[in-house]
Protein chains: 4
Amino acid sequence: MARPRQLPEIKRRIPRQARAGETVGAILEAAAQILEAGGLAAFTTNAVAERAGVSIGTLYQYFADKNALLRALAEREMQAALVRVAAAMAGDGDASLEGRVRATVRAIISAFGGRQRARKAVVQAILAQGLGIETMGPVAAFIARQPQTMKVALTREQVFVLSRAVMGTIRAAVLEEQPFFKSRVFEDELVRLALAYLDSLKQITVRE
Amino acid sequence: MARPRQLPEIKRRIPRQARAGETVGAILEAAAQILEAGGLAAFTTNAVAERAGVSIGTLYQYFADKNALLRALAEREMQAALVRVAAAMAGDGDASLEGRVRATVRAIISAFGGRQRARKAVVQAILAQGLGIETMGPVAAFIARQPQTMKVALTREQVFVLSRAVMGTIRAAVLEEQPFFKSRVFEDELVRLALAYLDSLKQITVRE
Amino acid sequence: MARPRQLPEIKRRIPRQARAGETVGAILEAAAQILEAGGLAAFTTNAVAERAGVSIGTLYQYFADKNALLRALAEREMQAALVRVAAAMAGDGDASLEGRVRATVRAIISAFGGRQRARKAVVQAILAQGLGIETMGPVAAFIARQPQTMKVALTREQVFVLSRAVMGTIRAAVLEEQPFFKSRVFEDELVRLALAYLDSLKQITVRE
Amino acid sequence: MARPRQLPEIKRRIPRQARAGETVGAILEAAAQILEAGGLAAFTTNAVAERAGVSIGTLYQYFADKNALLRALAEREMQAALVRVAAAMAGDGDASLEGRVRATVRAIISAFGGRQRARKAVVQAILAQGLGIETMGPVAAFIARQPQTMKVALTREQVFVLSRAVMGTIRAAVLEEQPFFKSRVFEDELVRLALAYLDSLKQITVRE
DNA sequence: GATGAATGAGTGTTCATTCAT
DNA sequence: GATGAATGAACACTCATTCAT
């Protein structure tokens, strides 16, 4: 009959017992599965709770509302993507620009490879919340940092264009479910795109 | 969006009278306004009907369901974008590759410039319906056609990368509401991106 | 996922068809019955809709929320009480002060006589909404007007004490479900209370 | 408030240790504070437990359910009011009828003076439980006893009218949050009301 | 063709209460 | 005795859609 509002907080309760940690994990995993199986339309708090094997009340003990759950999921997914990218780069001996660009592109593609639908839904949901790509920030920032190892100083517009062109193309391939998504050919073209753009910047920079 | 499923048909009734045509137009315009003002959350069939000044029953006389309305709106917007792109190219004397690329980029940007929120919402909604960019196909196809005027034959992956890189970056700027969205600098970088990629293809093609 | 707020309005839709008018009446009647039968605890919007024989959606087509329904009910009840009081006075030939006071007291008591529980619940609910007795204002104002026919000018505190003493006592009898509620003896004491207070005011006024 | 019914018992466990006594006290104080700060809407068992610094489980160790907590609170408040009334009378040398009536009225008013919101909420809640004024009984009984020191024997209806008229008027002032609530003028009128009524009874009694 | 009253499945969310630890 | 994670019935409310008029 009345609802006092609070500031948006992702988690309502910090789990202090071991059991609680498992519960949160189960809920997030269930959320990802629901999203994967039925997209955003099937993503209801009741459905998530049921699949997680917990009561709806328990879900709300850890997540303030539906959006908080979505945000937490997005963060988890993005964190995982970041780890993959970093790992891919660390394990690669090829320190050339192309080597690094390729490793990054590949890591992002493979990060989007599993559970495409879930990721798609998460992306959509995040956008719908108006949170923009900021939530995906870590990955974008990571991409943005790479050119700094070159002698080229990028403007913010150039960083934006480079990172969004690569990620936007990958995202389009995911969303459109393109068959060549994981092919070597596609990867090659993305690498070419990034290198060509960086190369054109270097020439200009040198020229001036 | 709930209820019994039927074959997806955009329009339930083809308007044959002038009055009916006006009604459809009014509904679509109302839909765009609602979307612009309140985003997807405010986009309810009742709200659209009310703003259009028709009864909810009348709305359903022309649109099978909410999604059909959204699809029709997307088509209208895309058609308009296409007209702008074509017009921009026709009116420009600069027939060089850069001239054409720039005109295209500018047309797309300006197409997204008005009613950003509405367009954002439409894009989200279209994606949510799983229709992918196919609905945006005409524009993508248009972009894809341009390189053919060069001596370069593009593979489908290359067409995809080129078109999605440009559109994806623009879309990201829209969705993230970047301040430099309509700046000349941003436009320059997009042009550079496209030209650099095309240039890298030419070299390779020539080489082989 | 989001809820735009609106100003509190009692009715959401003004019924324009005959059918709608009946529906509103049925809903209010059902609300009164539910309240009468089970008190505030049983008063759920779903229960009211079901008893009214309409869908929950229809209820919300006419009442913005649960409180709006309660407010509408309170107004209806208070209006009815007012009519009874006015009618009681008009039909009585005894124009003496005691005659008028007695008629008023009797009308109020009998107004509270039917559907006591419903009235009790309405009163509680109105108070819980923080609307205070203002909603019951018409009756209180009516009471307040009576002494003006005497030669006594009452201060606002005196009007308050007189009206609330009478109504408060009656209300207490209702809420406590006192057995003597409708007895002549109880009525006599209320009349005595009002007359004694008025009399004490007159003496003072005269004196000064 | 839902769930299986049991016999109404206020306290589930009688605290025998000092620590337990403090716990009960802390819970009641927390309950009063919550009520004062946020009204009945904010009064949840979890909120009370949290503010009291005990776990929800502990709260339920001492109070069978939410209503029991409310009842205990009402009793505590009423007891405190009673003490004030008694103290006010004992310390007053003016043993005249008016002196005693005035002291009583003043004590009740001041009892309602602090933490008005909490008291208002308690009153509402008690009424909502259908417990009526019986819980407030001690005070009413106390009031009722006063006239016995006179030579007037009151009927139960007269006791009821006298006590409820005074308390009802004060309660109305609290609930309506009247600005003159603590003014001398208001107190005067209440005293006048009580004396006038008592006086009218004496005359009648004497006459017959 | 148009209307708009009516529908009702479905959603997010709360909170009193229990019980294993 | 104390804890707090878990429960789940219950509720208010929305909105796409239908169909009698």
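Just so it is clear: chains get the letters A, B, ... in the order the sequence lines come, proteins before strands, and each one is counted from 1.
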Once you round it to whole Å, what is the distance between [atom2] of [N] and [atom1] of [X]?
X        : N       : atom1 : atom2 : answer
Leu40(B) : dA16(F) : CG    : P     : 10 Å
Ile34(C) : dC11(F) : CD1   : C1'   : 14 Å
Asn67(B) : dC15(F) : CG    : C1'   : 14 Å
Leu59(C) : dT14(F) : CG    : C1'   : 13 Å
Ile56(A) : dA5(F)  : CD1   : C1'   : 15 Å
Glu50(A) : dG12(E) : CD    : P     : 13 Å
Phe63(B) : dT17(F) : CZ    : P     : 13 Å

Secondary-structure notation, DNA chain F, from Watson-Crick and G-U pairs under 3.5 angstrom (| other strand): .||||||||||||||||||||

Could you check Ala41(A) against Gly53(B) and say which one's nearest nucleotide on DNA chain E is further toward the 5' end?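 The residue closer to the strand's 5' end, by nearest nucleotide, is Gly53(B).
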
Hey, which of these two, Gly57(C) or Thr44(D), hits DNA chain E nearer its 5' end, going by closest nucleotide?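 Closest to the 5' end, via its nearest nucleotide, is Gly57(C).
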
Phosphate OP1/OP2 of [N]: any [X] side-chain N/O under 4.0 Å:
X        : N       : result
Tyr60(A) : dT14(E) : no
Thr45(D) : dA16(E) : yes
Tyr62(B) : dA2(E)  : yes
Ser55(A) : dA6(F)  : no

Taking the side chain as C-beta and beyond, is there a heavy-atom pair between Arg71(C) and Arg76(C) under 4.5 Å?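 No; the side chains remain at least 4.5 Å from each other.
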
Flag side-chain contact, heavy atom, 4.5 Å: Tyr60(A) against Thr45(A):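 SC-SC contact between Tyr60(A) and Thr45(A) confirmed.
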
Out of [options], whichever nucleotide has its closest atom nearest the side chain of [X]:
X        : options                  : result
Lys66(D) : dT17(E), dT17(F), dA6(E) : dT17(E)
Thr58(D) : dG8(E), dT7(F), dA2(F)   : dA2(F)
Asp65(C) : dC13(F), dT17(E), dA6(F) : dC13(F)
Gln61(B) : dG1(F), dA2(E), dG4(E)   : dA2(E)

When rounded to the nearest 0.5 angstrom, what distance separates [atom1] in [X] from [atom2] in [Y]?
X        : Y        : atom1 : atom2 : result
Glu22(B) : Ile27(B) : CD    : CD1   : 12.0 Å
Phe43(B) : Leu73(B) : CZ    : CG    : 6.5 Å
Leu28(D) : Leu70(D) : CG    : CG    : 10.5 Å
Lys66(C) : Thr44(C) : NZ    : OG1   : 6.5 Å

Just distance, no hydrogens or angles: give the donor-acceptor pairs under 3.5 Å from side chains in residues 50-58 of chain D, sequence neighbours left out.
residue  : atom : partner  : partner atom : Å
Arg51(D) : NH1  : Gln33(D) : OE1          : 3.0
Ser55(D) : OG   : Gly57(D) : N            : 3.4
Ser55(D) : OG   : Thr58(D) : N            : 3.2
Ser55(D) : OG   : Thr58(D) : OG1          : 3.1

Presence of donor-acceptor pair under 3.5 Å, side chain of Asn46(C) and base of dA10(F):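 Absent.
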
Closest contact, heavy atoms only, Ala30(D) versus Val48(D):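 Closest approach of Ala30(D) to Val48(D): CB-O, 3.6 Å.
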
